[in-house]
Amino acid sequence: MKHTVDKRKPSGIVDYISLALTTFGVGYIPGAPGTYGSAVAVAIYLILTAFATPFYVFFSFHGEVSPPPYFYAWVHAVVAVLLFLLCLTGIWASDRSIPLLGNEDPSEAVVDEVIGQLITFCFVPFGVTWPFILAGFLFFRLFDIWKPYPIKAFEDLRGGLGICADDIVAGVYAGICLCIAYAVYLVI
């Protein structure tokens, strides 16, 4: 069971950076910070999609019906590397923020929701339509709150890994459900 820890004040720029990365600016909003963190991830996903659009347009102006296969491979590779770096950074920032927030699993920490939500979207083609973005959001929130086996067990890990691991697995569960829903949609 998670418990409070001795709280300390931020003592330098690294502490403030870790708090910013851990809370994503929405962790302090009262109500449902986890849902707000998931919404931030949806916004990040939409921004990434918007940045990819000019590349699609570039290829369409050069007589291509769609971008060449290597374009998709590079998009997936870049997204995978960025998500991996976000996971490592999020775990580090969460771990450093525990004494700053005074709890082993502070509600203000939403980087775990951001990571889990972005993992969910990795299971479907980049730039899916709004219904699938909404479905991915809802699937992730369901698994993040419900915490079926073994998600709940990952909360027992200590430090930043304990904050993030359960949401990483919830993102995988939600991604699998979203992938199945997308496959069924394509068949219908």
Side-chain angles (χ1 to χ4, degrees), residues 17-18 20-26 34-95 109-144 148 150-151 154 157 160-161 163-188:
I17 289 171
S18 67
L21 290 170
T22 302
T23 64
F24 265 86
V26 299
T35 301
Y36 304 146
S38 292
V40 166
V42 169
I44 291 169
Y45 180 79
L46 293 173
I47 289 168
L48 288 174
T49 302
F51 278 123
T53 301
F55 292 104
Y56 289 112
V57 171
F58 170 78
F59 283 107
S60 68
F61 283 135
H62 286 73
E64 301 282 336
V65 174
S66 65
Y70 66 81
F71 174 77
Y72 294 111
W74 276 106
V75 167
H76 288 288
V78 168
V79 167
V81 168
L82 291 175
L83 189 55
F84 177 72
L85 292 174
L86 178 62
C87 287
L88 292 179
T89 305
I91 291 168
W92 167 82
S94 297
D95 192 59
V110 298
V111 68
D112 51 338
E113 276 82 12
V114 173
I115 292 168
Q117 186 67 70
L118 290 173
I119 287 172
T120 300
F121 293 132
C122 287
F123 284 76
V124 291
F126 190 67
V128 293
T129 59
W130 272 103
F132 289 103
I133 293 171
L134 178 61
F137 177 81
L138 294 174
F139 279 136
F140 176 71
R141 293 309 303 143
L142 171 73
F143 286 110
D144 187 33
I151 296 172
F154 284 99
L157 297 171
L161 186 60
I163 291 173
C164 295
D166 62 314
D167 292 278
I168 290 170
V169 178
V172 171
Y173 278 27
I176 291 169
C177 291
L178 184 61
C179 181
I180 291 168
Y182 187 72
V184 169
Y185 167 77
L186 293 176
V187 171
I188 296 178

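Only heavy atoms go into these numbers, but all of them, side chains included; no hydrogens, no water, no symmetry mates. Positions are given from 1 along the sequence.
Closest approach of S18 to A93, counting heavy atoms only: O-CB, 3.7 Å. For I168 against C87, the heavy-atom pair with the smallest separation is CD1-SG, 4.3 Å. Taking both residues in full, the closest heavy atoms of C164 and I115 are given as SG-CD1, 4.3 Å, listed atom of the first, atom of the second, then distance. Of all the heavy atoms in E113 and F140, the pair that sits closest is O-CE2, 3.7 Å. The minimum heavy-atom distance linking S94 with I163 is given by the pair CB-CD1, 3.7 Å.
Listed by first then second residue, pairs satisfying salt bridge (Lys or Arg N to Asp or Glu O under 4.0 Å) with a partner in residues 117-141 read R141-D144, not counting sequence neighbours. For residues 80-91, no pair satisfies salt bridge (Lys or Arg N to Asp or Glu O under 4.0 Å), with sequence neighbours left out. Within the structure, salt bridge (Lys or Arg N to Asp or Glu O under 4.0 Å) pairs that include any residue of residues 116-126 do not occur (at least two apart or interchain).
Atom CG of residue L157 and atom CZ of residue F154 lie 7.0 Å apart, to the nearest 0.5 angstrom. Taking CG of D112 as the reference point, atom CG of L161 lies at 11.5 Å (rounded to 0.5 Å).
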Could you walk me through whether S38 and V114 pass side-chain contact (heavy atoms from CB on, under 4.5 Å), step by step? CA-CA 5 Å; S38 292; V114 173; over 6 Å; no
Determine all donor-acceptor pairs shorter than 3.5 Å in which one atom belongs to a side chain in residues 169-187; sequence neighbours excluded.
residue	atom	partner	partner atom	Å
Y173	OH	Y149	O	2.5

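Here the side chains of F24 and I44 are in contact, with some heavy-atom distance below 4.5 Å. Within the 4.5 Å cutoff, side-chain heavy atoms of F126 are placed close to those of L48. With a 4.5 Å cut-off on side-chain heavy atoms, V111 and L21 do not count as touching.
Residues satisfying the side chain to side chain contact (heavy atoms under 4.5 Å, CB included) test with L83, not counting sequence neighbours, are L86, L118, I119, C122. Residues passing the side chain to side chain contact (heavy atoms under 4.5 Å, CB included) test with I133 are V42, Y45, L46, F121, V128, W130, sequence neighbours excluded.
In terms of modelled atom types and a separation under 3.5 Å, the side chain of D95 and the main chain of G160 share a donor-acceptor contact. T120 places no side-chain N or O within donor-acceptor distance of the main-chain N or O of G136, the cut-off being under 3.5 Å.
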